[in-house]
Amino acid sequence: MNKKLQKIINKILTYVIVVILIIYIAFPLAWAIISSFLSEIELTRFSGELKLPTHLTLSNYQKVLYGPRSDEVVPAMLNSATLALTTTFYSVSIGLLASYGFVRFKFRGKEFLFSLILFFQVLPGLLFLIPIYVMLRTWGLYDTLFGLFIVLAAGFETPFITWLLSSYMGSIPVEVEEAAKIDGANSLQILYRIFLPLLTPALLTAALYCFISAWNEFFLPLIAASYNARTLPLIIAMHRTEFYPEFATSMAITTLCLIPPTLIVILLNRYFIKGLLAGALKQ
Amino acid sequence: MQYRKLTPFFYIFPALLGVTVFIFYPLLYGLILSFSEIKFVPGGIILRYTGFENFYKIFTDARVPQIANVTIGFVVITVIGTILLSLVAALFLNQDFKGKKIALILCLIPWAIPRIASGEIWKWLLNGSYGLIGTVLMKLGQPRIVFLADPNWAFFWVSFVEIWIGFPYTLLLFLSGLQFIPPNLYEAALIDGAGKIRRFWNITLPLLKPVFLFALIQRIIWNIKAFAAIYMLTGGGPYNATTVYYYYIWTQTFEWFNFGYGAALAYFFTIFLTILAIFYIKFSLKSEYK
């Protein structure tokens with residue numbers, strides 16, 4: 001076949017596939033956002049009979065942010081944000097220290113402990129969560145934000161962030177460290193003066209990842225929270241058993257829930273693409 | 001000079017403490033739970049030793065065969081679906097074209113948003129009375145189907161949504177793998193007269209093998225633990241048609257409050273996962289400790 005023709009066909013095919021891909025991904029998200037800006041009646045008419053809506057409205061967001069549903073939703077948003085921020089702060093700090101200790105020193109059992117971290121990520125969360133539920137109840141931490149925080153940050157996110165930062169830690173050449181050692185710096189100074197500046201993009205990537213992970217966290221609050229410590233994903237989950245579902249309102253809540261991660265990914269995408277690849281493969 | 005050797009442990013200690021309290025200890029506690037039964041009373045809990053009873057229950061539970069069936073079907077379908085979709089998309093996205101960056105960013109979004117939100121959106125799309133998908137089909141002449149109330153359709157859609165959620169990650173995996181294939185290999189093959197399919201079969205696939213295996217294992221491990229979408233869409237499905245093993249553990253523990261049985265189910269599940277994990281770890285370590 002003519003080479004030029006082949007190239008054109010290839011180009012067309014590529015664009016077709018890309019367009020299909022974009023529709024495949026964007027369509028449900030666009031639908032959710034559109035739904036959230038329609039009134040309940042117009043939405044059910046649009047979705048149920050394809051009758052085009054006549055106007056957009058902010059009434060759902062009003063309802064959810066300072067109207068009748070705000071008692072349910074606003075504290076949930078605050079809890080989600082608090083949980084995500086505190087977890088990120090804790091996990092990245094502790095994870096930095098831990099990955100430093102793991103990667104830049106030699107000691108026995110290092111590889112074993114490292115494999116253990118990987119192993120934990122494979123294990124089903126439920127395996128820990130069943131006993132953790134009992135533990136939280138026994139310690140009176142059930143349905144408390146602190147309870148959620150400490151389990152999420154210390155138990156789940158920190159090992160992951162440690163692992164994530166380790167590959168970055170390992171990519172810094174030994175000579176940099178040795179030069180500082182000759183100058184008489186101790187390990188803490190080396191960490192603070194040398195590694196920290198070098199690792200800033202890595203730390204940012206880890207922080208973003210941790211924030212998104214903690215914001216999205218659903219399983220832990222499902223088990224360990226019910227009213228006081230409710231988070232936004234949990235509110236969405238509670239819609240499952242609604243008697244008279246308000247679709248437009250729930251789409252508004254859903255949109256609110258997906259805005260932070262989406263914004264982060266869109267604005268800071270280069271950290272993700274690099275970060276995901278660094279975590280997955282190192283060559 | 002001896003205390004120098006302890007320095008790394010100071011750095012590792014906080015993380016290790018957290019892991020000990022919230023991972024090691026629960027693992028042990030869970031093991032004990034699986035050999036007992038628990039009752040919540042004001043002031044604490046009562047633990048009653050029951051031996052292997054919970055484990056025998058797994059083999060005599062009438063629901064387990066169906067659950068195993070559903071689980072295997074679900075994992076096979078979602079893993080194969082995700083991998084095929086990701087591979088094809090990665091192959092096309094590997095070229096340079098206008099809007100590539102936007103496409104990539106868009107691809108990240110289903111992975112980034114909370115899975116429960118995705119479940120909710122799809123649930124609305126599939127709603128029995130007003131869902132858009134049903135409406136469109138209706139306009140095309142079909143009767144309105146209440147997808148999530150039919151065992152087969154529910155299973156199909158739960159798998160579909162799980163693939164939708166999971167494929168960005170696998171896509172990026174494949175993309176990164178593809179980028180490490182030096183383009184001059186393709187050029188050399190072109191000069192030798194190799195056609196597109198030949199180039200794919202003899203260059204791309206073999207060089208992608210490590211990534212492919214990694215993605216496969218990672219996907220299996222991940223999909224076997226799928227929960228949020230199932231929870232939101234079907235709650236286990238019409239007549240357990242979408243109850244996978246992991247979901248069943250949750251139902252037993254937190255809906256029926258059989259903590260001991262739930263723990264036993266979880267541990268049993270873990271045995272299988274451990275075997276997978278060993279391969280996963282071997283793969284990951286190979287690329288970590290260069």
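For B:I224, no part sits under 4.5 Å from any heavy atom of chain A, backbone or side chain. Only the side chain of B:L104 comes within contact range of chain A, with at least one heavy atom under 4.5 Å from a heavy atom of that chain. For chain A, no part of B:L31 is nearby; none of its heavy atoms comes within less than 4.5 Å. For A:L222, the part sitting under 4.5 Å from any heavy atom of chain B is the side chain, from C-beta outward, and nothing else. For chain B, the nearby part of A:I212 is the side chain; its heavy atoms alone come within less than 4.5 Å. With a 4.5 Å cut-off on non-hydrogen atoms, B:I221 touches chain A through its side chain but not through its backbone. Residue B:R115 does not touch chain A at all, counting heavy-atom pairs closer than 4.5 Å. Contacts of B:I38 with chain A are made by side-chain atoms alone, with heavy-atom separations under 4.5 Å and no backbone atom involved. Using a 4.5 Å cut-off between heavy atoms, B:K100 does not touch chain A at all. For a residue to count as touching a neighbouring chain, one of its non-hydrogen atoms must lie under 4.5 Å from one of that chain's; by this rule A:R137 touches chain B with the side chain only. Contact annotation for A:S187: both backbone and side-chain heavy atoms come within less than 4.5 Å of a heavy atom of chain B. With a 4.5 Å cut-off on non-hydrogen atoms, A:I17 touches chain B through its side chain but not through its backbone. Heavy atoms of A:N10 lying under 4.5 Å from chain B belong exclusively to its side chain. With a threshold of 4.5 angstrom between heavy atoms, A:V18 approaches chain B through side-chain atoms but not through N, CA, C or O. Contact of A:F247 with chain B is made through the side chain alone, with heavy-atom distances under 4.5 Å. With a 4.5 Å cut-off on non-hydrogen atoms, A:S250 touches chain B through its backbone and its side chain both. With a 4.5 Å cut-off on non-hydrogen atoms, A:F27 touches chain B through its side chain but not through its backbone. With a 4.5 angstrom heavy-atom cutoff, B:Y231 touches chain A via backbone and side-chain atoms both. Of the atoms belonging to A:L21, it is side-chain heavy atoms, and not backbone ones, that fall under 4.5 Å from chain B. Using a 4.5 Å cut-off between heavy atoms, A:L191 touches chain B through its side chain atoms alone. Both the backbone and the side chain of B:T274 come within less than 4.5 Å of a heavy atom of chain A. Residue contact with chain B, scored on non-hydrogen atoms closer than 4.5 Å, is absent for A:E217.
For B:L140, the CG atom is densely surrounded, since the number of other residues' heavy atoms within 6.0 Å is greater than 12.
Shortest non-hydrogen contact noted between A:I236 and B:I116 is CG2-O, 4.1 Å. Residues B:L33 and A:P131 approach most closely at CD1-CA, 4.3 Å, considering heavy atoms. Closest non-hydrogen pair, B:Y246 versus A:G125, comes out as OH-N, 3.2 Å. Scanning all heavy atoms of the two residues, the minimum distance from B:K139 to A:L50 falls at CG-CD1, 3.5 Å. Of all non-hydrogen atoms in B:A15 and A:I94, the two that sit nearest each other are N-CG2, 3.5 Å. B:P26 and A:I132 make their closest contact through CG-CG1, 3.8 Å (heavy atoms, listed as atom of the first residue, atom of the second, distance).
At least one side-chain heavy atom of A:H239 sits under 4.5 Å from a side-chain heavy atom of B:M232. Using a 4.5 Å heavy-atom cutoff, the side chains of A:M251 and B:E120 are in contact. Within the 4.5 Å cutoff, the side chain of B:W122 has heavy atoms near those of the A:P28 side chain. Between B:V19 and A:T158, the closest side-chain pair of non-hydrogen atoms is not below 4.5 Å. When side chains are defined from C-beta on, B:I12 does not count as touching A:F105, because their heavy atoms never get closer than 4.5 Å. Looking at B:F254 and A:I130, their side chains come closer than 4.5 Å, going by heavy atoms from C-beta outward.
Checked by atom type and distance alone, the side chain of A:N216 pairs as donor or acceptor with a backbone atom of B:A112 at under 3.5 Å. For the pair B:K225 (side chain) and A:L126 (backbone), a donor-acceptor distance under 3.5 Å is absent. The main-chain N or O of B:Y130 is found under 3.5 Å from a side-chain atom of A:S47 such that the two form a donor-acceptor pair. The backbone N or O of A:L188 lies less than 3.5 Å from a partner atom in the side chain of B:Y11, making a donor-acceptor pair. Checking side-chain atoms of A:T14 against main-chain N and O of B:F92 turns up no donor-acceptor pair under 3.5 Å. Judged purely by atom type and a 3.5 angstrom limit, B:W164 uses its side chain to pair as donor or acceptor with the backbone of A:Y24.
Taking the centre of each ring, A:F120 and B:F24 come in below the 6.0 Å mark.
Ring geometry for B:F40 against A:Y133 counts as perpendicular: the plane angle is over 60°, on a 0 to 90° scale with 30° as the lower cut.
For the atom pair B:K123 NZ and A:R240 CZ, the distance stands at 7.5 Å (nearest 0.5 Å).
With chain A as partner, the option from B:W250, B:F13, B:F9 having the largest number of non-hydrogen pairs under 4.5 angstrom is B:W250.
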